[in-house]
Amino acid sequence: MSLLEVKDLHTSFRTDDGIVRAVEGVSFEVEKGQTLGIVGESGSGKSVTCLTIMGLNPSRNTISTGEALWKGKNLLTAKPRELREIRGSEISMIFQDPMTSLNPVHTIGRQLIEAIQLHRDLTKRAAHARARELLKAVGIPKADARMDDYPHQFSGGMRQRVMIAMALINDPDLLIADEPTTALDVTTQAQILTLMKRLQEEFGSAVLIITHDLGVVAETADDVLVMYAANVVEQASVDDLFNRPQHPYTWGLMGSLPRLEADLERLTQIPGQPPSLLRPPAGCRFHPRCPHVMEVCKTTVPPLAPSERDPAHLQACHLDQETKDREAAKLLEITMAGAG
Amino acid sequence: MFRYLVRRLLWAVLLFIVVTFVTFVIFFMAPVAPERLVCGGDQAKPQCMRAAIKRLGLNHPVYYQYGLFLKRLVLERSLGHSFTTRQDVNHIVGQAAPVTASLVLGGAILWLGIGLLVGIFSALRPRSLLDRAGMVFVLIGVSAHPVWIGLIFSYFFGYKLRNFPIHTPIAGYAHIFNAPPGQPGGVAQWAYHLILPWCTFAILFAALYARMIRANVMETMNEDFVRTARAKGAPEGRVLRSHVLRNALLPVVTMLGMDIGLALGGAIFTETVYNLPGLGNTAILAVSNYDLAVVQGVVIFATLSIIVFNLLVDVLYAWVDPRIRLT
Amino acid sequence: MNEQPTTAVSTNDRPAAAGDDLLVVDNVQKYFPITRGIIFQKQIGAVQAVDGVTFSVKQGETLGIVGESGCGKSTLARCIVRLLDITAGSIQFDGRDISRLSRMAMRPMRREMTMIFQDPYASLNPRKRVGSIVGEPLEVHGLGSADEIKRRVQELLEVVGLNPEHYNRFPHEFSGGQRQRIGVARALAVNPKLIVCDEPVSALDVSVQAQILNLLKDLQDDFGLTYIFIAHDLNVVRHISDRVLVMYLGKVAEVASRDVLYKEPKHPYTGALLSAVPIPNPELGRKREPIVLEGDVPSPVNPPSACRFHPRCPRFVEGHCDVEEPQLYSFGPGHVAACHYPLERWPMTPEEMRRRGTARTETPEQALQT
């Protein structure tokens, strides 16, 4: 049995303008110790997927259907109390903006200790010791002295370390990282990614990493889900995805990326804008922007199905396999040009 | 912290001088002869007036008179004597201040209580019936004038319901300590006499605070760190107490300091309606009599209390919000 | 399309020929004072945001300025267009010293250099229509009648890939990428020679970012624009720039032409930056070992002595790097780096990085002669 099994997840929000269908039919599994990456642009539904699993969407205007089985128990129908017991202890989460994700009026120590004592019956002293231990593990210098400091006394990178310490403090089985390095500088990003990799080996948690950065996905994930406009358009192992991308949106994403390792005179841009989720286009969501659009794309939603070449590689596109192979090879040639 | 306090105190002294000087100048320009007032109005004796002119320095320019006043204030800690009643102004202010203080502080506690209750519950269930009812209350509170509210309250609670147990006195003040013989005294009577003034006085601010607290709480509920707290597995009650309220109520602390000063002005209406012998009533009486000494006494007292409250609030703020470091 | 947009308002004469220095920034300093005092504020220190930066930009080229947050790159941008007054040094634009010009004397210069900002949501007035946002610089400089301005604005909208019919819409009706196009049109309105782009694509999604980068390149080809392109994303800077300047904590770490800088970096900081960028290619990514710097960027209030990078530098030599400030040594035509122990080759493993080579000892003058 997989650790987390998400089946046909739908999430919509009621807004003043109508119903926004933010996630439509997402399914995936996370195994023990695995790192799954979800990549997509803003509004693709990647964050909402994770917030739905965690039960962190505002309950008033959200409707979620489908299943999110955590060790066999459906989180979507779990009682708030059961959900609370899982959150922060079995599944924990770190967020994009370390500057705003910590409570500014409590000390770091107090927030770490709170995370422990919510789930474990530890004495204040034992909790304090555990908190200090974690701060040391995430590489905060003079960890003992910094327990009594407030978040504003830390830099962005250090705050993200504190967030990671807080997430790992109860030895979770799954760590959900929602754009954990987007708000950070490159050198700090490198520190945090290295740290996460090391800690994953130490703690053995599975990781679900959400990001818009293909580079971050390539460096961290074992398997990747590509999302576009609330749908999963492609799912594959990281090598398959980068070597044999099967969906025109994935090609567009890879082609529009300026790269350090290749000389591109001109970026292949995806024309137009992502669609509104209030009134998404009929058929394939990507068809208005797709350079390979056919008549069938405008009317029929392509199912997420195994590719002809590799049953483990899922993709949702009507194009024939020859075109896909040709385009993937072309893309690979461009992006590898000049690479050593 | 120390530097900050010193700087604030220096500013306070400057503020104090400016406020009192402006009051002085306004009365200097008023078309009235203080010496005539002091000596009993139309039948004033020339001899008395000459003495008054000398004592008050009235033949000197305004800054000299002001200097004289300051000197007396600082050296003798005396606010002088009333122009009309010859009473010691220190005594007049001393009599009126507890009345106003009772009204304002009691009112502040009441308005904070109502504001917190309405604000927080409205924020937790936006667009619910409770929220809508709360916002109707806010609308009435900010729209209705205290004098009108006072009259309505007096009519119902003091007159229409006079045969019911909720009948309350509609005028007068009861001292907690040393009530004058023949008058009611003690805490119970004090509070009993102030119920209606408190309610009248608190409604406007309760409404403003309810609206502000509602907005703050709703905003804070959307903060990232609140989501972090939920992701840690904290129950809703704890999230609200430990993470939302502490942050949402920070601005309330600042507001309170400023509003208690403002409220001193608002208290005038309530005091008038319920005929409470507080600073507001005293000031109105004094202004209509051109009694500069008493007006100046009230102004000085009010200025000092505003300064003290603001200072207290600043210190309190630094204590509750670690991000503010006073240097 | 090798012409200026042909309207009544495109009357810029262009004395600087391609290849000449359009902008010369000489030893520019920008300190923000820190004051303290009970009544009288006296200065007790300064944020040394930009400290002695020297570089030049040639007519028609794109200079990329890259660095992490707090390195002073945005402050530098604001100094160049004189949104901030510089503390010391000089800025020459088109052969004229503009660093001490008064506000009035500066006004005509504002037609010559404009700016594109980072946040397409915050940098457009939400209560103004697109037409008046783009047309405002023309009005301010009195370039044409209302009719002419309208025609010019519609032409500009078309140039940046927007529908000219959308002249009367408000910014909120546009997506992030389209708003940035509006920002580009506004910067382009007065036919500037230089456009300073401050993180123009950082807030945009990848696919939209590519659209804006392509647009900027096309505009440069069509109108012979000169760009200063400030960004923290090394991929983006590499894509758009001819030459790149790396800043660290208010100082220039390295300047080189794009290919040289990315293939043969000399400054360890440049190397660490390059190595920190995640590669969107799992195979290549697995082959390399990133050089991870320790710690955070120090505060510019109290920067480290001598070489500002020394507390984080893998090749730090005690008694040298923290005592003697490295000058900008030359490493070939147009390639300078401020390091005593420059990198011998690239790429490098972290191990090789720590094994420092021989020190550069010649004076900068000698370096320039070689």
Side-chain angles (χ1 to χ4, degrees), chain A residues 40-44 139 141 154-158 181 184-191 193-195 212-221 237-239 241-243 249 252-274 289 332 335-336 339-340, chain C residues 66-71 161 174-178 201 203-215 217-218 232-240 258-259 262-263 269 272-288 290-297 299 312 347:
Chain A
E41 296 180 283
S42 38
S44 61
F154 290 78
S155 69
M158 286 297 153
T181 58
L184 305 174
D185 278 318
V186 252
T187 57
T188 318
Q189 165 169 289
Q191 292 173 353
L193 290 180
T194 316
L195 173 73
H212 69 280
D213 189 330
L214 285 173
V216 170
V217 170
E219 298 220 336
T220 53
S237 75
V238 71
D239 287 289
L241 185 86
F242 281 90
N243 290 332
Y249 175 64
L253 267 190
M254 291 184 178
S256 56
L257 207 62
R259 287 155 188 267
L260 270 194
E261 76 282 7
D263 294 308
L264 306 172
E265 200 26 60
R266 203 180 156 76
L267 302 171
T268 334
Q269 62 189 39
I270 306 177
Q273 313 291 332
R289 304 175 74 188
L332 207 64
T335 55
M336 294 293 282
Chain C
V66 64
E68 297 179 282
S69 41
C71 74
F174 294 88
S175 70
Q178 288 172 320
V201 297
L204 305 175
D205 272 320
V206 196
S207 69
V208 182
Q209 168 180 310
Q211 293 174 5
I212 300 293
L213 289 176
N214 284 341
L215 173 68
K217 277 201 150 183
D218 293 345
H232 67 274
D233 186 328
L234 281 99
N235 296 321
V236 169
V237 168
R238 172 172 193 232
H239 180 74
I240 197 135
R258 175 190 63 180
D259 291 341
Y262 283 79
K263 294 209 167 80
Y269 178 63
L273 272 184
L274 290 177
S275 151
V277 179
I279 298 179
N281 184 327
E283 272 169 49
L284 289 181
R286 252 173 254 137
K287 270 191 249 163
R288 67 182 193 132
I291 295 156
V292 178
L293 292 180
E294 302 282 319
D296 288 319
V297 181
S299 154
R312 303 177 73 197

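Letters A, B, ... are given to chains in the order of the sequence lines, protein chains preceding strands, and every chain is numbered from 1. The structure presented is a predicted model; accordingly, all values stated were derived computationally and were not measured.
Remark: C:His239 NE2 to A:Leu267 CG distance equals 3.5 Å, nearest 0.5 Å. For the atom pair NE2 (C:His232) and CD (A:Gln189), the distance works out to 8.5 Å, reported to the nearest 0.5 Å. Separating the CG atom in A:Asp185 from the CG atom in C:Leu293 is a distance of 11.0 Å, to the nearest 0.5 Å. Separation of atoms CG (C:Asn281) and CG (A:Leu257) is listed at 11.0 Å; rounding is to 0.5 Å. Taking CD of A:Gln273 as the start and CD of C:Gln178 as the end, the distance is 4.5 Å to the nearest 0.5 Å. Interatomic distance, CZ of C:Arg286 versus CD of A:Glu219, reported as 10.0 Å (0.5 Å rounding).
Of all the heavy atoms in C:Pro278 and A:Val216, the pair that sits closest is CB-N, 3.7 Å. Closest approach of A:Ala218 to C:Ile279, counting heavy atoms only: CB-O, 3.4 Å.
Contacts between C:Leu274 and chain A at a heavy-atom distance below 4.5 Å involve backbone atoms as well as side-chain atoms. Heavy-atom distances place the side chain of A:Thr194, and not its backbone, under 4.5 Å from chain C. Proximity to chain C (any heavy atom under 4.5 Å) is restricted, for A:Pro271, to the backbone atoms N, CA, C and O.
For chain A, the option among C:Pro290, C:Pro347, C:Ala272, C:Ser175 with the highest count of heavy-atom pairs below 4.5 Å is C:Ser175. Residue with the most contacts toward chain C among A:Pro141, A:Ala190, A:Gly215, A:Gly139: A:Gly215 (heavy-atom pairs, distance under 4.5 Å). For the options C:Asn214, C:Val206, C:Val292, heavy-atom pairs under 4.5 Å to chain A are most numerous at C:Asn214. Between chain C and the options A:Asp239, A:Asp213, A:Leu241, heavy-atom pairs under 4.5 Å are most frequent for A:Asp239.
There is a side-chain donor-acceptor pair under 3.5 Å between C:Glu68 and A:Thr187.
A side-chain donor-acceptor contact under 3.5 Å links C:Gln211 to the backbone of A:Gly272. The backbone N or O of A:Arg259 sits less than 3.5 Å from a side-chain atom of C:Arg238, completing a donor-acceptor pair.
For the side-chain hydrogen bond (donor to acceptor under 3.5 Å, both in side chains) test, residues two or more places apart in sequence or in another chain that qualify with C:Asp296 are A:Ser155. With sequence neighbours excluded, no residue forms a side-chain hydrogen bond (donor to acceptor under 3.5 Å, both in side chains) with C:Asp233.
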Between C:Gln209 and A:Ser256, is the side chain to side chain donor-acceptor pair (under 3.5 Å) condition met? List the steps.
CA-CA 8 Å; C:Gln209 168 180 310; A:Ser256 56; over 6 Å; no
Worked check of side chain to side chain contact (heavy atoms under 4.5 Å, CB included) between A:Gln269 and C:Leu213
CA-CA 9 Å; A:Gln269 62 189 39; C:Leu213 289 176; over 6 Å; no
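Between A:Glu41 and C:Ser207, the closest side-chain pair of non-hydrogen atoms falls below 4.5 Å.
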